[in-house]
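Working notes for the structure below.
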There are 4 protein chains.
Amino acid sequence: MKKNKPKYMQIIDAAVIAIAENGYHQAQVSKIAKQAGVADGTIYLYFKNKEDILISLFEEKMGNFVEKIEEMIAGKHSAAEKLLIMIKAHFQMLSDDHHLAIVTQLELRQSNKELRLKINDVLKGYLKLIERIVLEGKETGEFSIDLDVRLARQMIFGTIDETVTSWVMNEEKFDLYALAPSVHHLLINGFGSREC
Amino acid sequence: MKKNKPKYMQIIDAAVIAIAENGYHQAQVSKIAKQAGVADGTIYLYFKNKEDILISLFEEKMGNFVEKIEEMIAGKHSAAEKLLIMIKAHFQMLSDDHHLAIVTQLELRQSNKELRLKINDVLKGYLKLIERIVLEGKETGEFSIDLDVRLARQMIFGTIDETVTSWVMNEEKFDLYALAPSVHHLLINGFGSREC
Amino acid sequence: MKKNKPKYMQIIDAAVIAIAENGYHQAQVSKIAKQAGVADGTIYLYFKNKEDILISLFEEKMGNFVEKIEEMIAGKHSAAEKLLIMIKAHFQMLSDDHHLAIVTQLELRQSNKELRLKINDVLKGYLKLIERIVLEGKETGEFSIDLDVRLARQMIFGTIDETVTSWVMNEEKFDLYALAPSVHHLLINGFGSREC
Amino acid sequence: MKKNKPKYMQIIDAAVIAIAENGYHQAQVSKIAKQAGVADGTIYLYFKNKEDILISLFEEKMGNFVEKIEEMIAGKHSAAEKLLIMIKAHFQMLSDDHHLAIVTQLELRQSNKELRLKINDVLKGYLKLIERIVLEGKETGEFSIDLDVRLARQMIFGTIDETVTSWVMNEEKFDLYALAPSVHHLLINGFGSREC
DNA sequence: GATGAATGAGAATTCATTCAT
DNA sequence: TATGAATGAATTCTCATTCAT
């Protein structure tokens, strides 16, 4: 399997750096190859074409992210707790990898529609996970029985994504990870000041 | 002022259609010119370059959107009501203009980073408006005194934006406008089922 | 019609020279453009792609060749005379244009199969003309009633083509045009020395 | 001598099949190696470079063809008879090997000029043989004393070659071998219907 | 002898922008 | 103002050949 070959990950990691530092359209194959320390042609021994590098990049980085979250929330009993763990993991992952954050939040979004559709396929796994947590929250009574699952998913993902993008665009000046509890609290309780 | 010349808006409207129908990267200047019924060179009498068309497009369409909202919420007294009006207006505007929805939610996002930064400048007016409403809610006691304004703004915009994008990507199969009250309710009250 | 535009023929003529002097594979679009005195991009205002230049080249040069021959033989009464006129015209045309001879006999043959098939479409008109002359010869009794038309056409075209190619490969050392009567005589009478 | 090593012919035969099935430009060294059941690098133990495979291919297939013909016509006394034997042998050889016919008539012709010149060197033995037969015919009085030997050779080779190419391009729908006597008759007697 | 992973040179084409009319 | 023909820079991918094992 090609993923065992050391150069496969070597090229993907080089692509993340090259795109983060040069921008999506200025990250030519030759730049990625140079960053990876291989010849241009070598890229094509491991990837069908340039687009394939980007899709693989996303799969490798996001693919095991969903798996990791699932492991982390496996034993937890409340949906709220699971949600918090997920938000923390999401923020942690991107806080930890400066280059990856730039690539996923800014650069990869300017790829063409076709590529974005394929990226969306990868994202679907994550969105499904969010929906499962919401559904569970409704079943246990933690969340309102009237909660629209799709809407909730959109609010969760939209808020997380907008927060990360905002953090990246502000040059990561604030502590993203530290925001997790507040974001979580807002999602669960809203803006209202009602004291019960 | 160039905006008074009839061809200025003619070209912007042509750009919206050309981009929506062909995609961002396939909307060449010559296609926009053809759609507008002018020669390629004429474009450059009204716009500095291609990027300038897109920024102007965003300014024209979003610019008066902020003004319109401000008028609509002028007399209202609660922040919650203002928020609902804004969400409704946002959903209404994009429901009403199929082409514009595709352009702002999908196509313009694949522009380069530089252009997106300029678009963000335009967006700032909208984000400021959101922040003003949140702040007012805190001051009147409607919203929690501990509410982080920036976070609230990110949640509001992220949720609205993700909802619209999801609607566009699902080929606008559901009624976007009808979702406004639910979105509003979630933002204010969260997912929690607490009955007081 | 694009053929009236001066640059159309200018580019075709430049292609003949560039290919003759550099060889088919070394005649890059940029070389053709330079030879024609236009920018690379200008080529694509007149031709769909590189292949289209070559097909057009062949059409322009061979297309009117068939028409010209038809005019020249219009009034003649014997098939043998028509054949002689045709052979002379064929030899004349290539004797007159050194570059064109190299291109049609040597360089264009190393194009890919697809292009060669299209060239063959153009050639078909010529082959049909040959067959018409043969058929006429049979009808008038000049040629044997048993003569296989296709075979005769292959012999005529094969002999002419091989003679020209041999002439080009020998760096055009001998007088091609002067060979026409001998070739004609051989085709009509064969090698035999039968005296009747 | 390398020709005694089994892999030498194995690679040449693989090249014939690979070229016939994929076309000249799509018959990469790696495809030939795969067809031959050896590694890419192994090719270079037996051949200097890719061109060398093709020249060797032509030498092996055409080289012994000339020798074979010489044996077959050794005892014959008339030039006409020798010519007939030669035409039959030529048609037979290509009728028998479908792949070889495609390679020699269509694919190898799109090689570059340099390679074609080398192939012509190999062909020269065959052309010399044709000239010897023609010369002999003139000496014995079978053929006209005025017959131009080179021209006759061009007519013979041109006709045979065009006939075979036509047969290959028509997907070998007719019986090539059966045409030999007619072709032979036309070469000797021409199209004329003169009855003596 | 045999392997096959790695190399790296080389070329067609697009499209935003200009400027003579 | 308006035109649209002309410009020319810029980049992915292929494949013959090598050489360490």
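Side-chain atoms are counted along with the backbone in the values below, which use heavy atoms only and exclude waters and symmetry mates. Convention: sequence-line order gives letters A, B, ...; per-chain numbering from 1.
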For DNA chain E, whose closest nucleotide is more 5', that of Gln26(B) or that of Lys50(C)?
->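 In this pair, the answer is Lys50(C).
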More 5' along DNA chain E: Glu51(C) or Glu51(B), using each one's nearest nucleotide?
->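 The residue whose closest nucleotide sits nearer the 5' end is Glu51(C).
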Flag for Tyr8(C)-Glu60(C): side-chain donor and acceptor within less than 3.5 Å |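 Their side chains do contain a donor-acceptor pair, which is all the 3.5 Å distance test asks for.
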Distance-only polar pair, side chains of Asp161(B) and Gln105(B), donor-acceptor under 3.5 Å |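 Side-chain D/A pair, Asp161(B) to Gln105(B): present.
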Between [atom2] of [N] and [atom1] of [X], the distance in whole Å:
{"X": "His25(A)", "N": "dT14(E)", "atom1": "NE2", "atom2": "P", "answer": "17 Å"}
{"X": "Lys31(B)", "N": "dG4(F)", "atom1": "NZ", "atom2": "P", "answer": "18 Å"}
{"X": "Asn49(D)", "N": "dC15(F)", "atom1": "CG", "atom2": "P", "answer": "17 Å"}
{"X": "Lys48(A)", "N": "dT12(F)", "atom1": "NZ", "atom2": "C1'", "answer": "15 Å"}
{"X": "Asn22(D)", "N": "dT14(F)", "atom1": "CG", "atom2": "C1'", "answer": "15 Å"}
{"X": "Asp40(D)", "N": "dT14(F)", "atom1": "CG", "atom2": "P", "answer": "16 Å"}
{"X": "Leu45(D)", "N": "dC19(F)", "atom1": "CG", "atom2": "P", "answer": "13 Å"}
{"X": "Lys34(A)", "N": "dT11(F)", "atom1": "NZ", "atom2": "P", "answer": "14 Å"}

Is it true that Lys118(A) and Asp121(A) have a side-chain N and a carboxylate O under 4.0 angstrom from each other?
->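 Asp121(A) and Lys118(A): not salt-bridged.
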Select base, sugar-phosphate, or nothing to describe what Val29(A) touches, counting heavy atoms under 4.0 Å on all strands.
->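 Here Val29(A) touches the backbone only, sparing every base.
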Base-pairing mate for dA20(E) - Watson-Crick or G-U, with both contacts under 3.5 Å =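 Matched dA20(E) with dT3(F) under the 3.5 Å cut-off.
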Any strand is fair game: report the nucleotide pairing with dA10(F) by Watson-Crick or G-U wobble, both distances under 3.5 Å, or none.
->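 The base-pairing partner of dA10(F), which may sit in any strand shown, is dT13(E).
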How far apart are the closest heavy atoms of Ile32(A) and Ala18(A), and which atoms are they?
->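 It is CG1-CB, 4.0 Å.
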Side-chain N,O (Tyr46(A)) to OP1/OP2 (dA5(E)) below 4.0 Å |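 So the side chain of Tyr46(A) is outside the cut-off, no N or O lying under 4.0 Å from OP1 or OP2 of dA5(E).
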Does Lys7(A) make a side-chain N or O approach to OP1 or OP2 of dA6(E) shorter than 4.0 Å?
->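 Affirmative; the distance criterion is met.
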In Å, rounded to the nearest 0.5 Å, how long is the span from CD of Glu21(A) to NE2 of His99(A)?
->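 Separation between the atoms: 4.0 Å.
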5'-most contact on DNA chain F: Gly41(C) or Tyr44(D), nearest heavy atom basis?
->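 Its nearest nucleotide lies further toward 5', so the answer is Gly41(C).
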Output the single nucleotide from dT7(F), dT7(E), dT3(E) whose closest atom is nearest the side chain of Val38(D).
->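 Shortest atom-to-atom distance from the side chain points to dT3(E).
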From dG4(E), dC15(E), dA16(F), nucleotide with atom closest to Gln28(D) side chain |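 Among dG4(E), dC15(E), dA16(F), the one nearest the side chain of Gln28(D) is dA16(F).
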